[in-house]
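Below: one structure, written as structure tokens.
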Amino acid sequence: MANTDVLDILSDTIPSTSRGTANKDEIIREKKKGPKKSIRRPEGMKREVWSLIAQDDRESVPIVPTDTKSGGNSYARWIKHSAMKVRSWQWTPFTNSARGPNDTFILYHWQHKPNPDDPSQEYSFAKFNKHVDVPTYTDSEYEQYLQDKDWTRTETDVLFDLCRRFELKFLIIHDRWNNILYPDRSVEDLKERYYTICTALEYARTKRHTDKYNFDAAHERRRKEQLNKLLSRTKAEEEEELYLMNELKRIENERKERERIISQDVQKFVQQQDQNILTTNNSIQRTTSSSSRRSSINQDYLQRLNSTSNRTSTTQRITTCDPPVGIKFPEFKRPGVFLRSQRMILPTSIPNKKLAVIDQVLKQCQLERNPMACEEIVDEFNDLRSDIILLFDLKNALNSAEYELQTSLHRLKSENGSINVGILSTQPLSASNTSSNDASRTQFDFLLSQPSTPNDNITSPRLSDSFEPTNNVRSSTSERKRRALSSQTSTIKKRDRQS
């Protein structure tokens with residue numbers, strides 16, 4: 001309901017002058033108030049949620065929920081206490097038992113009016129009146145354990161009396177020490193005498209050494225002397241000390257940085273050596289396993305080849321090359337966390353022809369190109385691809401060796417004038433290429449034979465057969481060598497017929 005409606009209803013009771021004054025005052029009051037302040041939406045809160053819980057004409061909703069029924073806020077507590085009866089207070093006299101049993105001094109304070117049936121209570125703050133237990137000694141104990149050439153019995157009695165009066169506050173004891181009647185004593189001297197007597201009495205009564213009254217007077221004197229020097233420094237001395245502290249901090253940081261760099265270099269060197277040893281062991285194991293399989297087959301072949309080369313005067317060409325080792329995957333020398341799948345990335349130095357061979361073999365074996373990067377799978381998958389490249393290189397080397405062997409055999413036969421030499425086929429090392437007539441075999445025909453193995457009868461395709469390209473237009477190097485070998489064989493055959 002607007003103010004004008006209220007004024008219209010109460011127009012009979014309110015004079016016109018009052019109405020005009022009220023309207024004027026209200027207008028002035030509204031102008032002073034100014035525009036209403038809008039509450040800003042908190043960060044991270046959705047606009048729809050804020051529109052439900054807050055409006056411009058009310059305060060924001062409290063973040064922590066309150067319980068008005070159980071007295072969780074001030075308003076509920078005020079309602080709870082307002083319904084209770086107010087307790088009366090009275091001006092009550094009391095005596096402080098901490099002042100001593102013979103002290104009858106009476107003081108007054110305000111307190112709640114006690115019930116007549118309740119017993120009288122002691123002053124509540126009397127329990128905080130604590131006293132230090134200063135030991136006492138007898139004449140016999142002093143004569144037997146506590147004598148000192150620098151202290152008399154009278155001075156010792158005065159010291160212990162002051163310690164009881166001032167609760168071992170040695171600065172006050174030193175101030176109350178009578179320098180006229182007795183020699184001048186420092187605070188350290190007073191402390192040393194007191195704790196020496198306490199230690200001697202403790203040992204005399206219990207026959208045990210305890211650390212309860214330890215006090216090093218010499219250390220305390222040095223500490224105060226150093227503190228006095230520290231407080232009496234000049235501005236130049238403070239600046240020099242600050243400069244030396246900064247230099248010490250800089251030297252420490254340089255030493256730590258140098259040690260960190262040296263430790264990183266040593267760690268990198270150790271990791272590199274471990275990786276080299278591991279790579280060498282893997283290559284040796286692969287080479288040993290392959291050589292052990294071929295040693296039984298080629299042993300007789302190499303012996304006959306060496307004996308033949310000794311009987312003939314023809315020099316044979318020997319080609320030496322580094323043994324293929326497959327793929328050498330890069331090492332991760334970067335600190336921190338990295339994905340294990342990065343270890344399966346092939347080096348960029350591998351040509352596209354070998355990449356195609358790897359993809360073709362993986363497809364033939366029905367294996368994924370990017371398997372799950374578990375630790376065991378990554379190692380086995382890298383070894384598999386390395387073995388594929390190793391087998392591919394070995395097959396290319398075998399084809400080159402076959403071509404050179406056949407060329408050398410034909411040259412030897414043409415020079416020795418052999419007759420009825422078996423014509424070589426496109427697969428020269430197979431046993432079917434040798435002549436069936438043993439009488440017509442020359443001294444070089446045993447090189448064309450190959451010992452039979454149990455796997456000769458297996459007709460399943462070999463994995464190395466998949467290395468041959470499927471494009472008929474582009475022929476491999478071995479195919480070109482075989483064609484050249486066929487043309488050379490036909491030429492030698494014509495010469496033999498003419499002779």
Side chains of residues 375-382: which donor-acceptor pairs under 3.5 Å do they make with residues two or more places apart or in other chains?
unit_1: D379; atom_1: OD1; unit_2: R343; atom_2: NH2; d: 2.7
unit_1: N382; atom_1: OD1; unit_2: R385; atom_2: NH2; d: 2.7
unit_1: N382; atom_1: ND2; unit_2: R343; atom_2: O; d: 3.3
unit_1: N382; atom_1: ND2; unit_2: V378; atom_2: O; d: 3.2

Task: Which residues share a salt bridge (Lys or Arg N to Asp or Glu O under 4.0 Å) with R205, sequence neighbours left out - done: E141
TODO: Please identify each residue that fulfils side-chain contact (heavy atoms from CB on, under 4.5 Å) with L242, with sequence neighbours left out.
DONE: N246
Task: Considering all heavy atoms, the nearest F170-Y194 contact - done: CZ-CD2, 3.9 Å
Open item on the list: The criterion is side-chain contact (heavy atoms from CB on, under 4.5 Å); which residues satisfy it with K235, sequence neighbours excluded?
Closed with: E238, E239
Task: For A217, side-chain contact (heavy atoms from CB on, under 4.5 Å) partners two or more places apart - done: E192, F215, R221
Task: Under the salt bridge (Lys or Arg N to Asp or Glu O under 4.0 Å) test, residues paired with E122 that sit two or more places apart - done: none
Open item on the list: Any non-hydrogen side-chain atom of P371 less than 4.5 Å from a side-chain atom of M344?
Closed with: yes
TODO: Measure the spacing between CD1 of I251 and NZ of K249 and express it to the nearest 0.5 Å.
DONE: 13.5 Å
TODO: Answer whether the closest heavy-atom distance between the side chains of V270 and Q273 falls below 4.5 Å.
DONE: no
Task: salt bridge (Lys or Arg N to Asp or Glu O under 4.0 Å) against E259, all qualifying residues, sequence neighbours excluded - done: R255
Open item on the list: Atom CD of residue position E252 - does it have more than 12 heavy atoms of other residues, nucleotides or ligands inside 6.0 Å?
Closed with: yes
Open item on the list: Between the side chains of E220 and R223, is the shortest nitrogen-to-carboxylate-oxygen separation below 4.0 Å, so that they form an ion pair?
Closed with: yes
- [ ] Give, for atom CG of D393 and atom CD1 of I388, the distance between the pair rounded to the nearest 0.5 Å.
- [x] 12.0 Å
Task: Spacing of L384 atom CG and I358 atom CD1 [to the nearest 0.5 Å] - done: 9.0 Å
- [ ] Side-chain contact test, heavy atoms from C-beta onward, threshold under 4.5 Å: evaluate it for T196 versus T199 and give yes or no.
- [x] no
Task: Any side-chain heavy-atom pair of F269 and D265 under 4.5 Å - done: no
- [ ] Would you mind reporting whether C365 and V361 have side-chain heavy atoms less than 4.5 Å apart?
- [x] yes
- [ ] Mind checking salt bridge (Lys or Arg N to Asp or Glu O under 4.0 Å) for R250 and listing every partner two or more places apart, or none if nothing turns up?
- [x] E247, E254
Open item on the list: According to ring pair (Phe, Tyr, Trp, His ring centres under 6.0 Å), who are the partners of F125, at least two apart in sequence or on a separate chain?
Closed with: Y123
Open item on the list: I need the full list of salt bridge (Lys or Arg N to Asp or Glu O under 4.0 Å) pairs touching residues 356-368, with sequence neighbours left out, sorted by first then second residue.
Closed with: D359-R369
TODO: Give, for atom CG of N399 and atom CD of E404, the distance between the pair rounded to the nearest 0.5 Å.
DONE: 11.5 Å
TODO: Applying side-chain contact (heavy atoms from CB on, under 4.5 Å), name anything that partners L244, two or more places apart in sequence or on another chain.
DONE: E240
Open item on the list: Is there a salt bridge (charged side-chain N to carboxylate O under 4.0 Å, His left out) between E257 and R260? Walk through the geometry before answering.
Closed with: CA-CA 5 Å; E257 183 67 20; R260 186 182 63 83; 2.3 Å; yes
TODO: Could you tell me the separation between the CD1 atom of I350 and the CD1 atom of I327, rounded to the nearest 0.5 Å?
DONE: 4.0 Å
- [ ] Spell out, as yes or no, whether a donor-acceptor pair under 3.5 Å connects the side chain of S341 to the backbone of A373.
- [x] no
Open item on the list: So Y203 and R208, do their side chains get closer than 4.5 Å, heavy atoms only?
Closed with: no
TODO: Give a yes or no answer on whether the side chain of N228 reaches the backbone of K224 with a donor-acceptor pair at less than 3.5 Å.
DONE: no
- [ ] To the nearest 0.5 angstrom, please state how far the NE2 atom of H410 sits from the CG atom of L405.
- [x] 9.5 Å
Task: By ring pair (Phe, Tyr, Trp, His ring centres under 6.0 Å) - contacts of H219 (at least two apart) - done: none
